[in-house]
Amino acid sequence: MALSEGQGYGMYINVLAAENGWGKEKNFERLNNFYLAHRERIAKTTTGLMSWRMIEKRGKWKVDKNNATDGDLFIAEALLKASKIWHNEQFKDEARTLMNDILRYEYNPQTNTLTVGNWANSKSKFYNLMRTSDVIPKFFDDFYQETGDQR
């Protein structure tokens with residue numbers, strides 16, 4: 001089984017290791033390829049959001065139809081850092097797509113906070129729920145520096 005949170009942690013740890021001279025772009029690319037292969041589809045459109053849970057059975061991955069904001073945040077931050085470390089525009093483009101989709105699908109404009117996932121929409125009793133794992137000020141500062149979007 002793989003969870004988007006674990007995927008985000010792995011990608012983030014890899015770029016932190018690269019900042020210290022021993023993380024490899026090749027390893028990051030492998031993690032990134034798994035992320036890219038398991039993004040959430042909404043209304044027949046592939047988003048930047050990662051599906052929350054994937055379960056492998058007999059060599060095939062069964063993918064949940066929901067996502068988790070904290071996993072998306074770690075993936076976006078890892079992609080942004082990777083783009084700077086390895087001067088890779090593709091990682092930067094993927095980070096921007098993911099940051100935009102976080103605000104498009106996981107943002108509550110009434111409270112100016114992130115929701116727990118795209119499934120916690122205005123019709124959900126969890127729309128106003130806030131988890132500490134979805135509040136990472138350092139990431140938000142980096143996202144603002146990249147996009148200029150104050151949300």
Side-chain angles (χ1 to χ4, degrees), residues 1-19 23 25 28-55 61-151:
M1 179 181 347
L3 299 177
S4 64
E5 295 92 329
Q7 186 70 22
Y9 301 156
M11 292 171 78
Y12 187 66
I13 289 167
N14 189 271
V15 294
L16 292 179
E19 287 179 333
E25 184 175 11
F28 185 84
E29 287 175 350
R30 290 175 64 203
L31 291 166
N32 190 46
N33 287 337
F34 187 85
Y35 151 69
L36 291 172
H38 296 93
R39 289 175 294 164
E40 189 77 7
R41 289 183 56 81
I42 298 173
K44 297 184 182 181
T45 300
T46 300
T47 70
L49 309 175
M50 185 171 187
S51 296
W52 169 62
R53 180 175 58 183
M54 289 69 49
I55 300 171
W61 290 94
K62 178 181 179 253
V63 179
D64 277 2
K65 299 262 187 244
N66 293 314
N67 76 306
T69 301
D70 48 0
D72 293 329
L73 292 170
F74 271 90
I75 293 167
E77 179 70 1
L79 286 164
L80 199 55
K81 284 179 147 318
S83 74
K84 293 174 182 165
I85 292 168
W86 293 301
H87 309 288
N88 186 316
E89 288 297 313
Q90 177 186 333
F91 294 154
K92 186 179 201 175
D93 292 344
E94 291 170 15
R96 285 182 153 270
T97 296
L98 181 49
M99 289 184 283
N100 287 332
D101 283 345
I102 288 169
L103 291 175
R104 182 174 180 189
Y105 297 108
E106 301 173 333
Y107 181 74
N108 180 336
Q110 296 169 329
T111 60
N112 295 316
T113 59
L114 295 176
T115 64
V116 295
N118 67 326
W119 54 273
N121 59 34
S122 60
K123 297 174 184 164
S124 168
K125 68 179 182 178
F126 299 106
Y127 189 53
N128 293 313
L129 177 67
M130 190 171 119
R131 293 182 302 210
T132 55
S133 62
D134 297 322
V135 181
I136 310 169
K138 171 67 173 117
F139 292 7
F140 296 162
D141 288 344
D142 291 346
F143 298 164
Y144 172 73
Q145 291 301 314
E146 180 63 31
T147 67
D149 190 323
Q150 293 184 359
R151 292 176 291 165

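Going from atom CD of Glu29 over to atom CG of Leu31 covers 10.5 Å, rounded to the nearest 0.5 Å. Here the CD-NZ distance, from Glu77 to Lys138, works out to 6.0 Å after rounding to the nearest 0.5 Å. In this structure, CG in Asp142 is found 10.5 Å from OG1 in Thr147, a value given to the nearest 0.5 Å.
Across every non-hydrogen atom of Glu5 and Ala68, the tightest pair is OE2-CB, 3.6 Å. The minimum heavy-atom distance linking Glu106 with Asn118 is given by the pair CG-N, 3.9 Å. Taking every heavy atom of both residues into account, Leu80 and Met99 meet most closely at CD1-CE, 4.4 Å. In plain terms, the two heavy atoms of Thr69 and Gly117 that are nearest each other are OG1-N, 3.3 Å. The two residues Asn67 and Met50 have their closest heavy-atom pair at CB-O, 3.0 Å.
Counting heavy atoms from C-beta outward, Lys81 and Leu16 have side chains that approach closer than 4.5 Å. The closest side-chain heavy-atom distance from Arg151 to Asn112 is not below 4.5 Å. Looking only at side-chain heavy atoms (C-beta outward), Ile55 and Trp61 stay at 4.5 Å or farther from each other. Contact of the Leu114 side chain with the Asn108 side chain is not registered, since no non-hydrogen atoms from C-beta on lie closer than 4.5 Å. In this structure, Ile102 and Leu49 have side chains that are in contact, with non-hydrogen atoms separated by less than 4.5 Å. Residues Asp101 and Ile42 form no side-chain contact, since every pair of their non-hydrogen atoms from C-beta on lies 4.5 Å or further apart.
Between Trp86 and Phe28, the angle of the ring planes lies from 30° to 60°, which puts this pair in the tilted group.
Here ring pair (Phe, Tyr, Trp, His ring centres under 6.0 Å) pairs that include residues 129-151, with residues two or more places apart or in two chains, are Tyr12-Phe139, Phe74-Phe139. Listed by first and then second residue, the ring pair (Phe, Tyr, Trp, His ring centres under 6.0 Å) pairs involving residues 105-124 are Trp119-Phe126 (not counting sequence neighbours).
Shown here are the ring pair (Phe, Tyr, Trp, His ring centres under 6.0 Å) partners of Tyr35, two or more places apart in sequence or in another chain: there are none.
Of the candidates Arg41, Lys65, Glu40, His38, Glu40 is the only one forming a side-chain hydrogen bond (donor to acceptor under 3.5 Å, both in side chains) with Ser51. Under the side-chain hydrogen bond (donor to acceptor under 3.5 Å, both in side chains) test applied with Asn32, the options Glu25, Glu94, Gln7 reduce to a single match, Glu94.
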